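Only a predicted model underlies this, so the values are computations on that prediction, with no experimental measurement involved.
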Amino acid sequence: MTRYFVYDVFTDQAFGGNQLAVIPDATEVNEANLQKIAREFGYSETTFVYPPADPAHTAKVRIFTPTMEIPFAGHPTIGTAIALRDDGHQGDMVLELGIGLIPCRFDGANAAFKTSAPLERLAYPETSLVAEALGLPASAIKTETHEPVQASLGLPFVIAELQDETALDACNPSIDAIKRGGMLYPTAFDFALFAYTRHDNDINARMFAPLDNIPEDPATGSAAATLTAVLTETLDRSLDLTIRQGIAMGRPSLIMAQSQQNPLQITISGEAVRTMQGELVV
C-alpha cells in the first residue's frame, strides 16, 4: 500500500493556502509514474519521500510540478516536514533536496526551514516586457528599490515590485508576453512572475507560472525566500517579513520570512493542515 496525504500549506485552516500532495514512502512507486502522478493530482507540486542517502538525515524528498521535477520549492518543504511530523517523526529534521540539505525545525504548529543557498541574479528583463507579461502598463512597475530581476535560490522567478495594491489586483497575465520572456530569458521555470507590493515589512504578492501549468499560485515559499534575499542584499540589512498571498484566489496564505546577513541565510516558516488522505493503486 502506498499512502498519500493532501495538505493545505501556509495556512492554519483547510481550503486556504497552497495544496500539496505528499507520498510519505515512495519506495514502491514506479519511477516512470512519478511525473504522471504529479500531473494527476494537478497541484502546483507533489512530493515523493524516500530514505535518506545519509542515515543521519531524515529523508530524501523529490519535488514535481505538473510538468517537471524541480530541485527546491518552499511550500513542498514546509508541507512535507509537517506531514512527516504528523506521521510520527519526532524532533527537528534534515531533508535532502535537489539543492542540498535543508534543516527544518518546529515551534508548535509552525514549521520552518533555512536555506543558505547563494542568491543568483540571472537577468534584468525589461520593465516594459515584465509589465506586459503581467497585463499592466509600464507605469505600474515600481523601480525605486530595484528593477525587475530574474533571481533564484534554487528556482528562478522574475521579481517585480508594483506601485500599489490596485496594480496587484489588476494583474492579468499575457501568455504571449510570458512566452517571449521565456525565450529571451530561458530557465528551467518558464518566466515565472512574482509581483508584490511592500509597506515596511508587510508584503502582498501574487505568482504566475502559466507555462508550467500554474496559472496562479496561492503561496510560493521559494519565491518568498528569493524576494527576501533580493531585498536583504538591496537594502543591506536583515529583514523580518510577513508575506500574504492567494487573496485574489480565495485561498489566503501567510508566509513568514526572516533573513540574516554575512553569510546570507533565509528562513521561511508557516503552518499546514491535512485535508485528505488515501492510497495510490498504480
Side-chain angles (χ1 to χ4, degrees), residues 3-24 38 40-47 61 63-66 70 72-87 104-113 155 157 162 165 168-173 192-199 201-210 212-228 240-258 266-278:
R3 299 175 301 151
Y4 72 82
F5 305 130
V6 173
Y7 275 76
D8 290 339
V9 186
F10 290 123
T11 180
D12 61 357
Q13 296 183 7
F15 313 121
N18 201 349
Q19 295 160 296
L20 173 73
V22 180
I23 288 76
E40 189 78 4
F41 275 113
Y43 304 141
S44 57
E45 279 98 6
T46 296
T47 62
V61 180
I63 305 171
F64 284 77
T65 75
I70 57 176
F72 169 69
H75 98 271
T77 303
I78 292 290
T80 301
I82 290 176
L84 294 178
R85 181 201 62 188
D86 291 350
D87 203 36
C104 301
R105 58 178 174 79
F106 299 92
D107 182 7
N110 197 70
F113 71 82
L155 198 61
F157 297 91
L162 304 186
E165 275 69 31
L168 189 65
D169 290 341
C171 286
N172 184 22
L193 297 156
F194 192 68
Y196 76 97
T197 61
R198 182 170 71 93
H199 303 279
N201 292 328
D202 291 324
I203 303 283
N204 290 316
R206 300 178 72 180
M207 197 288 278
F208 309 96
D212 293 289
N213 204 31
I214 306 172
E216 183 170 358
D217 203 37
T220 318
S222 50
T226 303
L227 169 64
T228 304
D240 190 346
L241 303 177
T242 299
I243 301 171
R244 292 177 174 84
Q245 195 178 333
I247 308 301
M249 302 176 66
R251 298 191 67 92
S253 305
L254 183 63
I255 304 171
M256 309 305 295
Q258 296 83 34
I266 307 296
T267 300
I268 297 292
S269 60
E271 298 184 38
V273 293
R274 187 184 298 180
T275 60
M276 287 182 276
Q277 60 188 39

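Between Tyr43 and Val6, some side-chain heavy-atom pair lies under the 4.5 Å cut-off. Counting heavy atoms from C-beta on, the side chains of Leu254 and Phe10 never come closer than 4.5 Å.
Heavy atoms from other residues, nucleotides or ligands lying under 6.0 Å from CD of Glu165 number more than 12. Within 6.0 Å of CZ in Arg198 there are more than 12 heavy atoms belonging to other residues, nucleotides or ligands.
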Under the side chain to side chain contact (heavy atoms under 4.5 Å, CB included) criterion, do Thr65 and Asn213 qualify, and how do the steps go?
CA-CA 8 Å; Thr65 75; Asn213 204 31; over 6 Å; no

Could you go step by step and tell me if Leu162 and Cys171 meet the side chain to side chain contact (heavy atoms under 4.5 Å, CB included) rule?
CA-CA 10 Å; Leu162 304 186; Cys171 286; 3.9 Å; yes

If you apply the rule side chain to side chain contact (heavy atoms under 4.5 Å, CB included), what do you find for Ile214 with Phe208, and how did you get there?
CA-CA 7 Å; Ile214 306 172; Phe208 309 96; over 6 Å; no

Give the intermediate values and the outcome of side chain to side chain contact (heavy atoms under 4.5 Å, CB included) for residues Leu20 and Thr47.
CA-CA 8 Å; Leu20 173 73; Thr47 62; 4.0 Å; yes

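Looking at Asp86 and Tyr7, their side chains do bring a donor and an acceptor atom within 3.5 Å of each other. In this structure, a donor-acceptor pair under 3.5 Å is absent between the side chains of Gln245 and Ser253. Residues Ser44 and Asp217 bring a donor and an acceptor atom of their side chains to less than 3.5 Å of each other. Inspection of the Asp8 and Gln19 side chains reveals no N or O donor paired with an N or O acceptor under 3.5 Å. Side-chain contact check for Gln258 and Asp240: at least one donor-acceptor pair (N or O, by modelled atom type) lies under 3.5 Å.
Ring to ring, Tyr4 and Phe41 are close: their centroids are under 6.0 angstrom apart.
Looking only at distances, no side-chain donor or acceptor of Arg251 sits under 3.5 Å from a matching main-chain atom of Gly246. Distance alone, capped at 3.5 Å, is enough to place a donor-acceptor pair between the Thr11 side chain and the Gln13 backbone.
Taken to the nearest 0.5 Å, the CZ atom of Phe72 stands 5.0 Å off from the OG1 atom of Thr77. Considering CG of Leu241 and CG of Leu227, their distance stands at 7.0 Å, rounded to 0.5 Å. Atom CZ of Phe106 and atom OG of Ser269 lie 12.0 Å apart (nearest 0.5 Å). Rounding to the nearest 0.5 Å gives a distance of 10.0 Å between CG of Asn204 and CD1 of Ile243. The line from CZ of Arg244 to OG1 of Thr242 is 6.0 Å long, rounded to the nearest 0.5 Å. Going from atom CZ of Arg206 over to atom CG of Leu193 covers 11.5 Å, rounded to the nearest 0.5 Å.
Salt bridge status for Arg3 with Asp87: present, with a side-chain N to carboxylate O gap under 4.0 Å.
Closest of all the heavy-atom pairs between Ala257 and Thr228 is CB-OG1, 3.3 Å. Across every non-hydrogen atom of Ile78 and Ala111, the tightest pair is CD1-O, 3.3 Å. Considering all non-hydrogen atoms of both residues, Glu45 and Ala73 come closest at OE2-CB, 3.9 Å. Summarising the geometry of Val9 relative to Ala272, their closest heavy-atom pair is CA-CB, 3.9 Å, with the distance given to 0.1 Å. Minimum heavy-atom separation, Ala192 to Met207: CB-SD, 4.2 Å. Scanning both residues, Phe113 and Gly74, for their nearest heavy atoms gives CE2-O, 3.7 Å.
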